[in-house]
Amino acid sequence: MVSRPRRSVYVPQEIEPKWQKIWADRGVMKAADESPKPKFYNLVMYPYPSGNLTVGHARNYVMGDLLARMKRMQGFEVLHPFGWDAFGLPAENAAMKSGGVHPAKWTHDNIAKGKRELKLMGILYDWDREVTSSEPDYYRWTQWLFLLMYERGLAYRAMAPVNWCPVDKTVLANEQVINGRCWRHPDVEVEKRDLEQWFLKITDYAQRLLDDLELLDKWPHKVRVMQTNWIGRSMGAEVDFPVDGMPDEKIRIYTTRPDTLFGATFMVLAPEHPLVEKVTTEERRARVREYVEKARKETEIERLSTEREKTGVATGGLAINPLNGEKIPIWVADYVLVTYGTGAIMAVPAHDERDFEFAVRYDLPIREVIAPPTGPQGVLREAYVAPGTMVNSGQFDGLESAKGFEKISDWLEAKGVGKRSVKYRLRDWLISRQRYWGAPIPIVYCPNDGIVPVPHDQLPVVLPPEYRPLAENPAWYETTCPKCDGPARRETDTMDTFIDSSWYFLRYASPHDDHEPFDPELANHWMPVDQYTGGVEHAILHLLYSRFFTKVLYDAGLVEVTEPFMRLFNQGMVKRFGQVMSKSAGNGVSIDELAGAQGADAGRIYEMFIGPPEEDVEWNEAGLNGVVKFLQRVWRLVLEPETVVAEGGSSAKVDAEVLRRRVAQTIGKVTEHYDELRFNTAVAFLMELANTMQDYLQAGGARDREWDYSVRVLLKLLNPLAPHACEEMWERLGEKGMLADAGWPEFDSALAAEPMIVLVVQVAGKLRDRLDVNAGLSEQEAVKAAFSSPKVHAALDGREPSKVIYVPDRLINLVP
RNA sequence: GUCGGCGUGGCGGAAUGGCAGACGCGCCAGCCUUAGGAGCUGGUGCCCGAAAGGGCGUGGAGGUUCAAAUCCUCUCGCCGACACCA
């Protein structure tokens, strides 16, 4: 390997450690709370410290780093913090293996590894603000916030059928159950168990969580739709149906279609409905009990399958339709869910697909009460669920269904037998976890005083040092009651780790505060997060919970924002062999491998250039070499332009004017594309600039002030992508450290301006005229300018133009 | 089933309704080299053609427009989310 002596060579391994040390020493990414500059809170979702980070993680954090560096150069005071979502099961699983280490040690080791790798990629954070959710000085405040929820009536304990993962041996939130299976174990079906557990009343915030999605216009449309569906608002009515022969009993049903009330031909209760026993007649009792038992035993998967046939049994009881006094049979069927609405429905087979299917199977009557525009069908072959005209509905006949909805609701309310009602699909958030490695729920159970919250001055409730289930650790859970000092028992469940991550973005504002979870003044200074970057897998879980927490804190007067994240970006995942890259899948490419091969800068650019940031990409290193070539080319152009001139040979005609225009356009485009997080195209524009600069030199262009300017622009624009190389080149040019001193290049719009033309055509089918207008005008403005021009005015001669077309100058010849 | 998204060269992918295929990979040819897994130059959507040139082209079929990958309708295919929520 003999390299030719005529060139200084770009050797990333020699310059990258140097600059990483300089940045650390200078603390270039430290955010000043008191700064005259406008703030920019740039946040990446903090990771679970699971071991070595892969190039998949790096892609995400490089994007964040790019933005942080760019905003910094643009004159913002940037808050770019990092931390670790450190509680959770993998640490425990590691501990449970024979000879396993303590979760705390495992976590700390992984954090150390991760930190080293992030630094290796040249990613800068304000490490002074690092938070680790498993540290007592963090989870103390997680517990504090739980108590706040408790004080505000938002945390409650209830016996409920809960989702139980038999492998992790813990309960799960609804959001953590995917298709009836555990989110961590896609092969494991979740079981239903009745347990007393802690819940957070997120349902109290359902409407606000829905309404405020309107404010999040810089979130991906997809995520907003997903949250809307998850909250699942529906409008309808609750109606009380008296039970025949039981004057004191009423069954309350919920329907979204009160306009179909006359079409109710039977009623269905969920198997778990409290009145099932009562309405069942003696002769039906055995069959009903058997059915209810069977339904209880079924797994969630079996019950929720829409494929299987609906089943049910008649109770023998009758309910009375309050609207027309009709007696209809009461059935029990497991297609009705006890957890939604009132756990009971009126079945309108003519206008509900599920009821239709059930009615056909059990030969129950089907009565048409909503007619399609073509008129009543008489016999229905399938449920007609669209709006229509009411028929067979007594005094309401002839009304459109929307109108009927209102009239019947009015009638129900006037008679006191029903009322309008809004329901949500969203359920309260079950936060108890029967696990060691989490924040203990700060509650004490006292035989005298019942549920007693741990007083604030006794926080944190610290985990015992030995790794062992808390419920099997009497030395830990036996305590005294804070109220009566008598013997009492601690809550031995810990909190869902999603609680930890529902407020970490606030802790970054004052990470060392030991009086409160966060300093409200500082939090209000930095919040809201201006840019939040992370995976779409959190579209519901983390993002919904964080929004909920923020609203609670707003109501408590602790923050001034009602939404935590203004702009959200979901980056795509990096796959390899078709699977998401991960340590457990065994297909990970480590940061060491990437940075070691061609340097961190090449790795950073390549991560951005491999595909659109929001798309999943398949990892391959075929294109990495092209990026290295690009960096080497820039190195030569900047530091040894004379060697480029010497080689000559380009046929491209690039003169000073072309170069100037290219430089100006690149500033505009790259700025715009960085801002829109379109990093792959930003790289392409920079490559074009380098190519143009090379052509310029090879065409004999002078290395004058114009040239120097283009060199500086190239270095500044490229700096966020390849900071080590750019800083090194900048220094070798004799300039001061770029990150410290260099602002973002100014965009000279005059240079990039493209002359525009307004064409007025087809007055009386003939006349054409053209008019130059300034660039930068919108089409409307340009057309307006055309009409006020004397030239066009004269040409029109009082006639109306039949058409005005707006075209860019370069395309004028294409318009007929 | 419902909702959302996406279909562009050999590949990754570019295109405020305005010259489709930027940029890069790969490939071909040449230069320079003792050498090339380095560097440089040129070429590279498909078809016909030696070339000039011509024809066809953004899953498919229609439509709007001076102009459509882009907007509208229908259709096919792929991906994702939700999925008996009354």
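It should be emphasised that the depicted structure is a prediction, and the values quoted were computed from it without experimental measurement. Naming convention: chains lettered A, B, ... in sequence-line order (proteins, then strands); numbering from 1 in each chain.
In this structure, A/His673 has its ring center at least 6.0 angstrom away from the ring center of A/Phe679. Side-chain rings of A/Tyr424 and A/Trp230 stay apart, their centers remaining 6.0 Å or farther from each other. Under the 6.0 Å cut-off for aromatic ring centres, A/Trp219 and A/Phe569 do not qualify, their centroids lying 6.0 Å or more apart.
Taking atom CZ on A/Phe266 and atom C1' on B/rA86, their separation rounds to 11 Å, with Å as the unit. Rounded to an integer number of Å, the gap from A/Tyr606 OH to B/rG12 C1' is 8 Å. Spacing between atom CZ of A/Arg576 and atom P of B/rG12 amounts to 18 Å, rounded to whole angstrom units. Distance CD (A/Gln227) to C1' (B/rA81): 13 Å, rounded to an integer number of Å. The nearest whole Å value for the distance from the NZ atom in A/Lys222 to the C1' atom in B/rC82 is 12 Å. Here B/rC84 presents its P atom at 15 Å from CG of A/Asp355, a figure rounded to the nearest Å. For the pair A/Arg224 CZ and B/rC82 P, the computed distance is 19 Å after rounding to whole Å. Rounded to a whole Å, the CG atom of A/Leu631 is 16 Å from the P atom of B/rA38.
Across B/rU44 and B/rG24, the matching C1' atoms stand 14 Å from one another, rounded to whole Å. For the C1' atom pair drawn from B/rA69 and B/rU58, the interatomic distance equals 5 Å after rounding to whole Å. Comparing the C1' positions of B/rG45 and B/rU8 gives a spacing of 10 Å, expressed to the nearest Å. Of the P atoms belonging to B/rU64 and B/rG49, the separation is 38 Å, rounded to the nearest Å. Distance noted for atom C1' between B/rC40 and B/rC32: 8 Å (whole Å). Here, B/rG17 and B/rC11 have their C1' atoms 29 Å apart, quoted to the whole Å. Across B/rC6 and B/rG12, the matching C1' atoms stand 16 Å from one another, rounded to whole Å.
The partner of B/rG24, taking Watson-Crick or G-U wobble pairs whose two distances both stay under 3.5 Å, is B/rC11. Using the Watson-Crick or G-U wobble rule with both distances under 3.5 Å, B/rU70 pairs with nothing in any strand shown. In this structure, B/rC31 forms a base pair with B/rG39, meeting either the Watson-Crick or the G-U wobble geometry with both donor-acceptor distances under 3.5 Å. The partner of B/rG1 is B/rC82, judged by Watson-Crick or G-U wobble contacts that both fall below 3.5 Å. Using the Watson-Crick or G-U wobble rule with both distances under 3.5 Å, B/rC6 pairs with B/rG77.
Note on A/Lys423 versus A/Glu238: salt bridge recorded, some NZ/NE/NH1/NH2 to OD/OE distance being below 4.0 Å. Salt bridge annotation for A/Glu688-A/Arg662: present, with a cationic side-chain nitrogen under 4.0 angstrom from a carboxylate oxygen.
Between A/Gln632 and B/rA38 there is no side-chain polar atom (N or O) within less than 4.0 angstrom of OP1 or OP2. Checking the phosphate oxygens (OP1, OP2) of B/rA86, no side-chain nitrogen or oxygen of A/Tyr335 falls inside 4.0 Å. Phosphate contact (OP1/OP2 of B/rC82, side-chain N/O of A/Arg425, threshold under 4.0 Å): absent. Side-chain N/O atoms of A/Gln698 include none lying less than 4.0 angstrom from OP1 or OP2 on B/rC40.
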Report task. Can you check each nucleotide of nucleotides 21-28 of chain B against protein heavy atoms at under 4.0 Å and return B for base, S for sugar-phosphate only, - for none, in 5' to 3' order? Result -> -BBSS---
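When heavy atoms are screened at a 4.0 angstrom cut-off, A/Ser234 is found touching the sugar-phosphate backbone but no base atom.
Ring orientation note: the planes of A/Tyr384 and A/His351 are nearly perpendicular, at an angle over 60° on the 30°/60° scale.
Glycosidic torsion of B/rG5 falls outside 90° of 0, placing the base in anti.
Toward the 5′ end of RNA chain B lies the nearest nucleotide of A/Asn229, the other residue of the pair A/Ile610 and A/Asn229 mapping further downstream. Looking at which nucleotide of RNA chain B each of A/His221 and A/Thr342 is closest to, the 5′-most match is held by A/His221.
With sequence neighbours left out, the side chain to side chain donor-acceptor pair (under 3.5 Å) criterion links A/Arg425 to no other residue.
The side-chain contact (heavy atoms from CB on, under 4.5 Å) test with A/Val55 is passed by exactly one of A/Glu593, A/Arg576, A/Met581, A/Glu621: A/Met581.
Residues A/Val369 and A/Met390 are not in side-chain contact: their nearest non-hydrogen atoms beyond the backbone lie 4.5 Å or more apart.
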